[in-house]
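Data first, discussion second: the structure below is written as structure tokens.
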Amino acid sequence: MQDTADSINHAKEARLPRRDWIVLPMIGLLTVCIVSVSTELIVRRLVPGNDLDIPKCIDESNRTLGGRGIPNSVCKGKVFAGGSIEYRMNSCGHRAGMECGAKAPESYRIVIAGASTAMGDRVPFEKTIAAQLPVELTHKTGRRIELYNEGMLLVFPPALDLRFNEVLAAKPDLILWVLTPYDVLKGTTIPEPSKIEQRIDPSITPWSRLKHDFSTKSVGEITRDLQERSRALLLIRNTLYAHEGSDRYVATFLMNADDTAGFLKSKLSANWQQHLKDFAGHAASIAAQARDANVPLAAVFVPDRAQAIMISDNVWPAGYDPYKLDGEVRTILSSHGATYIDILPKFRNLIRPEELYFPADGHPDAGGHAILSELLAGELTGGSVPALTVAAQPLKEMEQGR
Amino acid sequence: MDTASFQFVLFGLAVALVSNFSRSRLWRSAVLMAASIIFLVLLAHSLILVFPLICFLLLGYVGLLLIRRCGARSIGWTILALLSVYVWLKKYSFLPEGIILHSPYFTIGLSYILFRVLHLLIDSGDDKSKTGINFGAYLLYTLNFTTLVSGPIQRYEEFARDQFSLDPLPLGPQVIGAQLERIVRGLFKVNVLALLLHAAQDDALARSIPSFHLSLRLFSIFNIFIIYPLFLYSNFSGYIDIVIALARLMRVRLPENFNRPFSASSFLDFWNRWHITLSTWLKTYVYNPLLIALMRWNSSPALEPLLGVLCFFVTFFLVGVWHGRTSEFIFFGVLQGGGVAVNKLWQLGLARGLGRKQYKTLAANPVYIALGRGLTFSWFAFTLLWFWSSWIQIGKLLHIISITQLLVVWLFIWFCAAVVLSLWEFLRSALLSIKVDGNPVLTHRYARMIYASVLGLAVFVFVFLLNQPAPDIVYKTF
């Protein structure tokens with residue numbers, strides 16, 4: 001084909017028929033429409049998307065207080081790249097893997113607080129931190145460790161601050177607050193309903209959704225929504241992120257807007273400084289509530305996928321620092337008396353940490369939860385929390401525990 | 001503004017538009033000069049960084065003036081001086097550390113400028129018109145933004161014919177359409193195809209771990225070998241597509257640099273189809289003079305074919321060496337030169353053994369062609385190992401699989417390439433044989449509009465919706 005295209009350069013140019021000035025653009029437009037729509041339809045048929053019916057088990061209507069599990073509910077379904085998932089809520093509306101109520105006698109209860117990563121979004125319960133960490137801790141300490149998970153979608157710091165009494169109501173011996181860069185970003189204000197991801201009601205047809213969107217949203221918003229909803233794009237993005245080199249992924253990630261990638265800069269933008277300031281306010285309030293209840297508060301910062309790669313490769317471009325936000329969060333939490341569990345340096349020893357995350361989604365996957373549990377168990381028993389420090393445990397008791 | 005990016009294309013289109021405001025050669029040259037300077041500054045980010053490059057260009061022009069004044073006898077010294085400065089600026093690894101210029105400076109395009117300047121200097125010995133080139137034309141030719149970064153290496157007379165013509169090349173809707181289609185094709189190759197192949201190679205490299213099962217390791221090595229040539233082709237030929245089209249929109253024809261290289265049935269044929277302007281340049285300025293010199297030195301007809309083989313080796317050894325400054329590239333050169341020389345010896349041996357007629361019959365045999373095609377691809381893929389990796393990486397690779405296993409992988413690549421490339425050739429001819437009004441349906445403007453729209457959509461998705469930066473143009477660094 002190239003030969004023919006180039007031969008036009010040299011031959012005397014024939015006149016383009018007048019009708020082609022209309023026909024050619026129409027063919028182009030039609031091709032783009034047919035290819036886009038048919039690709040999307042084929043991908044939707046071949047690749048399972050997210051048919052997990054979240055509204056059946058989590059009420060996300062109250063933006064101020066974040067998601068709230070519906071007591072004794074179950075939602076099942078498939079999630080993209082995560083396979084079949086089940087969210088089973090207990091009678092208190094927690095994905096805890098156990099019934100709510102008093103802890104077992106002589107056990108040490110840890111309550112996990114936080115948002116999606118803490119809840120184990122897209123990960124089967126038995127593979128989440130909540131399920132794996134107590135096993136690791138019991139094994140290491142010889143004590144019976146019980147872990148009650150109150151992590152829930154959209155429970156960012158402002159929401160957690162407001163409902164921290166619920167965490168305390170579980171009578172923990174230790175509260176483990178699982179944080180991510182997204183928590184700091186969302187530490188500012190309660191997200192506006194229009195700005196946050198709306199759950200898609202599977203009963204609404206794509207066509208009626210599109211009609212609704214065109215009547216209520218701007219073209220920019222519709223394009224962004226289509227980008228987020230297109231399964232073909234999700235598939236390409238997921239495949240690319242899963243296979244491309246870590247350096248390329250980081251380069252691509254750093255091209256994102258300040259809201260997404262700005263936390264990796266060595267000099268945080270004014271926006272991120274404001275996010276940190278607001279986060280500090282909520283962290284102070286949360287730490288104070290824990291202190292008043294005489295419950296130790298420990299916090300762990302789970303790195304983002306790009307951040308984990310930068311730490312593991314020990315390479316990052318000038319003007320960036322993957323430890324920056326971690327350091328800021330540590331300073332804030334430590335100043336309020338919370339125990340900061342720093343697992344980021346441990347990521348230096350991990351090979352290909354990018355494989356511990358869902359590539360396009362960015363949440364830790366089952367492998368990620370396993371590694372996080374291992375790192376957390378090591379840190380918690382290594383002296384961060386005196387009650388769990390292995391050296392402090394009588395050897396006999398440890399042996400009995402096994 | 002990176003090369004082959006969307007911004008580069010927009011810049012080129014804007015320059016082409018302004019250039020076509022007038023057909024006057026003065027206007028078109030002024031626009032090209034302004035655009036080339038802007039492009040250079042945008043690429044280098046600072047004028048100070050370009051200073052060594054400017055000095056190099058001035059040295060080339062002083063050489064031309066010297067040849068004009070002193071005649072052909074000064075050519076040798078001028079070329080030597082220019083090559084020395086080039087080697088020094090490119091920081092070849094054999095240079096002592098003490099003489100290296102350590103402050104940062106801009107060297108992108110230096111190799112291609114060297115080829116253009118050397119061509120002017122060498123030709124000026126025979127063609128007096130070249131010594132008469134004025135400084136403006138010299139700068140325009142050497143700094144032309146469409147050929148600055150990675151070629152193609154255009155001859156001065158071809159450039160001058162189009163750029164300074166009183167009756168510039170015609171530019172109608174069909175030509176514009178064909179060039180826009182070529183730009184889309186180039187963007188697709190660089191931004192989509194090369195990106196995907198790069199990701200696939202990254203993945204294969206990551207999976208070549210000694211602890212993996214042997215079959216997985218062999219599969220990874222197989223992928224590593226076959227993907228890189230395809231990536232390099234997409235990356236480089238995509239960029240070339242873009243610049244050729246942009247230049248044509250400015251009414252200048254650039255020479256083609258690729259002609260379906262993986263269809264080549266021998267390694268000699270491959271180098272007639274891959275980076276054509278480089279191999280042509282070296283054939284003109286190394287192979288031919290060397291062969292003539294050797295034949296003058298030894299006029300024995302029996303030795304003549306062997307001298308040709310030797311010249312082929314030297315020429316393609318230089319092709320390899322030109323690519324880089326380390327010992328890996330010297331070995332890459334040995335493999336290129338060795339491949340071409342062995343190929344020539346094979347041809348000579350077969351022709352002698354079978355007789356010319358039977359050799360021709362054999363060379364036209366589809367199975368022989370398919371095997372030759374597969375061997376050419378597998379050899380090129382194997383030699384590229386010294387192009388993209390270091391001795392340390394090669395050592396690691398040999399730690400993963402043994403030499404015998406590597407040989408098995410190579411034989412398998414040969415077989416697969418022979419089958420797949422033959423099928424591709426068959427499919428291509430079958431599709432092109434479907435004709436309407438004597439022309440293939442697939443080359444009809446409507447079919448090409450569909451083709452360009454699909455490629456354009458893919459580019460839009462990857463560049464704008466997925467925000468994926470394309471891998472750098474590999475040949476930019478040479």
Quiz item: What do you reckon, is CZ of B:Phe219 surrounded by more than 12 foreign heavy atoms closer than 6.0 Å?
Solution: no
Quiz item: Looking at CD1 of A:Ile27 and CZ of B:Arg445, how far apart are the two atoms once the value is rounded to the nearest 0.5 Å?
Solution: 9.0 Å
Quiz prompt | Neighbours of chain B found in residues 354-363 of chain A - heavy atoms under 4.5 Å | solution = A:Glu355
Exercise. Below 4.5 Å from any heavy atom of chain B, which atoms of A:Phe253 appear? Answer side chain, backbone, both or neither.
Key: neither
Self-check item: Where B:Asp202 and A:Gly245 come nearest, the two heavy atoms and their spacing
Solution: OD2-N, 2.7 Å
Exercise. Under 4.5 Å heavy-atom distance to chain A, tell me which part of B:Arg207 shows up: side chain, backbone, both or neither.
Key: side chain
Quiz item: So what's closer than 4.5 Å to chain B heavy atoms on A:Thr239: side chain, backbone, both or neither?
Solution: neither
Self-check item: Crowding at CG, A:Leu46 (>12 non-hydrogen neighbours, <6.0 Å)
Solution: yes
Quiz item: Among A:Arg248, A:His243, A:Glu244, which one satisfies side-chain contact (heavy atoms from CB on, under 4.5 Å) with B:His198?
Solution: A:Arg248
Quiz prompt | Inter-residue atom distance A:Thr31.OG1 - B:Leu455.CG, 0.5 Å rounding | solution = 11.0 Å
Exercise. Might you point out which heavy atoms bring A:Val32 and B:Leu457 nearest each other, and give the distance in Å?
Key: CG1-CD1, 3.8 Å
Quiz prompt | Distance-minimising heavy-atom pair for B:Ala206 and A:Arg352 | solution = CB-NH1, 2.8 Å
Self-check item: Taking every non-hydrogen atom, the tightest pair across A:Gly28 and B:Ser453
Solution: CA-OG, 3.1 Å
Practice problem: Report the C-alpha distance between A:Asp20 and B:Tyr446 in whole Å, list the side-chain angles of each, state the deciding distance to 0.1 Å, and finish with yes or no for side chain to side chain contact (heavy atoms under 4.5 Å, CB included). | Solution: CA-CA 9 Å; A:Asp20 279 1; B:Tyr446 293 161; 2.4 Å; yes
Exercise. Flag the pair A:Thr252 / B:Leu466 as yes when at least one side-chain heavy-atom distance between them is below 4.5 Å, and no otherwise.
Key: no
Quiz item: If you count the non-hydrogen atoms of other residues, nucleotides and ligands that lie under 6.0 Å from CE in A:Met255, is the total more than 12?
Solution: yes
Self-check item: Whether over 12 other heavy atoms sit under 6.0 Å from B:Phe212 CZ
Solution: yes
Quiz item: Which answer fits B:Phe462, side chain, backbone, both or neither, if we ask what part of it has an atom under 4.5 Å from a heavy atom of chain A?
Solution: side chain
Quiz item: So, for A:Val35 and B:Val454, which heavy atoms are closest and what is the spacing to 0.1 Å?
Solution: CG2-CG2, 3.9 Å
Quiz prompt | Under 4.5 Å from any heavy atom of chain B - which part of A:Ala242 | solution = backbone
Quiz prompt | Greater than 12 external heavy atoms within 6.0 Å of B:Leu427's CG | solution = yes
